[in-house]
Amino acid sequence: MSAVVPLRDADESCGAKAASLGRLMRAGFAVPDGVVVRDVEGGGWEPALAAPGGTTYAVRSSAHGEDGHAASYAGQFRTMLNVPATEAAAAVRRTAASVHDAGTYAAATGAPAVRRMAVIVQRMLDPVASGVAFTRHPVTGARSTVVEAVQGPGDRYMAGEVAPQRWLDGEPTGARVLTAEQARRVAREAGRVEELLGGGQDVEWAITADGRLWLLQARPITTTGRAAVPSPAAGRVLATGTPAGPGTAAGPLRVVAGLDDFARFRPGDVLVCRATSPAWTPLLARAAAVVTETGGVLAHAAIVARELRIPAVTDVPAATGLPDGAGVVVDGTRGTIAVAGPR
Amino acid sequence: MSAVRVLHAVRVLGYAGTARIAGRSGLPVDTAEDLLLDAGSRGHVTWTQFADEGGWSLTEAGRAEGERLLAAELDDAGARAVVESVLDGFGPLNDLVAAACTRWQLTELGVAATPAALADVLADLARAAEGLAGIEQRLTASLRRFAGYHARFSDAVERARHDAGWVTATDRDSAHRVWFELHEDLLATLGRAR
């Protein structure tokens, strides 16, 4: 395996983020050119960093396990912008070192630890506007497009320092940044990304002075929990039931007894309950997966879970007796709830 | 009477903003808002904010209070026997709707053993709509508030002919959402658990 590959050729061996960008490039989307360093420790990749051209680079982590999980690692790994060409190699090494911090985070949340870290080096853009687009409504998980935009590069917005203009299904609020036509273009492009990658997508984009629309990143929306990466490692099986909604997702198990218990639920949790009524839909919209004691493949909870594209297991007899807070992997295709981690 | 309407709207909608609750309970938005704030001060409903959007949902106390009021209304109207008979016979029709929704979802997810044709799914839902028309007629003879389910369900099935999202979407009055509300309404009216 060569230590460095063009971003255009990136596959799963380059980590989730680079693999998504590679797929987007091969499908004809505009993504700033770059390379992926797969094996930082081995060295020998330094000369290849000049390949994307330009004088400054964006250096981003692309870990296995990153971006695809129910518990989002957003912001946990290092991203460095405007890195001068002379400092690129050092930035790559520092980014790879941030895998240790991520390991701490994984241990704290019960999420599977990152096994290996690749680093993406891309030509830095000088955008006139940038932001994100979500292809699902952040609360209901329904198909709906939210575009958020700021003037110039997006780093201050990502850090939460600037309030963006927000477009919800074509209706703007906040500062004036994009024209309606530009917002429509971004929304359409995000929709095309969802068609290619499947499931709700959280897309980072930028528009340059020449009017070109670029994609910087695309990852599954955490709150709809769909895993686009290989299944998280699962250990001992705690319980089994009826496989009612396909897919696999990991998260801390949260036993919710009733309406007064809703406040204990956190986005990305695995929701465990007896049965669901309409009141539970906002929880389902933010759950990594759902496990119920009653129902079957036809249960209302199962239908809503499939609509939201989260794994569901029903008919698990003593589900509400499962250990609250434990890190688990729910396989809604096989109908199992297993301890997260290696076998 | 308006207080029970608002509490019941929150029960069947599950989680909704003031305007939607007002629409569902047939009250002006101002009136609904006053009643919701009042119910909130009694600990019957609670407001939850998610990002820039919020909504009302019931507490366990509100759920119990709603069931108490609905039971009184049910007995005043002498309608307990008819609602019990409807819920007891609801199973087969409920299975027909859930199975149609499930077949279509599994087809869309690409995991159906035998992919379903949308026309067949909608034919099943149209049959369920006929059954629903009969149910609604029996219920509304003594409880007017059950009016509207058939019209909303049929409308969703009709729209699904052009946009299959209307079968099970969670962001609109899809066939499944209307049916889910009706099921919750029947259970709430009789104070039964799922």
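Per chain, numbering begins at 1; letters A, B, ... match sequence-line order.
Environment of CZ in B/Arg42: sparse, with no more than 12 heavy atoms of neighbouring residues, nucleotides or ligands closer than 6.0 Å.
A side-chain N or O of A/Arg306 and one of B/Thr102 form a donor-acceptor pair less than 3.5 Å apart.
For the atom pair CZ (A/Arg309) and CD (B/Glu108), the distance works out to 6.5 Å, reported to the nearest 0.5 Å. A/Thr281 contributes atom OG1, which lies 5.5 Å from atom CZ of B/Phe180 (distance to the nearest 0.5 angstrom). With rounding to the nearest 0.5 Å, the separation of CG in A/Leu308 from OG1 in B/Thr170 is 5.0 Å.
Contacts of B/Arg63 with chain A are made by side-chain atoms alone, with heavy-atom separations under 4.5 Å and no backbone atom involved. Only the backbone of B/Val12 comes within contact range of chain A, with heavy atoms under 4.5 Å apart. There is no contact between B/Ser57 and chain A, counting heavy-atom distances below 4.5 Å. In this structure, the portion of B/Leu13 lying under 4.5 Å from any heavy atom of chain A is its backbone and not its side chain. For B/Leu187, no part lies near chain A; criterion is any non-hydrogen pair under 4.5 Å.
Ranked by heavy-atom pairs under 4.5 Å with chain B, the list A/Ile303, A/Asp260, A/Thr333, A/Thr294 is led by A/Ile303. In terms of heavy-atom pairs under 4.5 angstrom with chain B, the leader among A/Ser277, A/Gly295, A/Ala275 is A/Ser277. Between chain A and the residues B/Arg177, B/His183, B/His176, the most heavy-atom pairs under 4.5 angstrom are made by B/His176.
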Checklist entry - Going through the checks in order, is the side-chain contact (heavy atoms from CB on, under 4.5 Å) test met by B/Thr59 and A/Leu259? => result CA-CA 5 Å; B/Thr59 60; A/Leu259 301 170; 5.6 Å; no
Next on the checklist: Show, in sequence, the C-alpha distance, side-chain angles and deciding distance for A/Asp261 and B/Glu60, and conclude whether the side-chain contact (heavy atoms from CB on, under 4.5 Å) test is met.
Outcome noted: CA-CA 9 Å; A/Asp261 225 11; B/Glu60 291 294 347; over 6 Å; no
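Contact of the B/Asn94 side chain with the A/His300 side chain is registered, since non-hydrogen atoms from C-beta on lie closer than 4.5 Å.
For B/Ala169 against A/Glu307, the heavy-atom pair with the smallest separation is CA-OE2, 3.4 Å.
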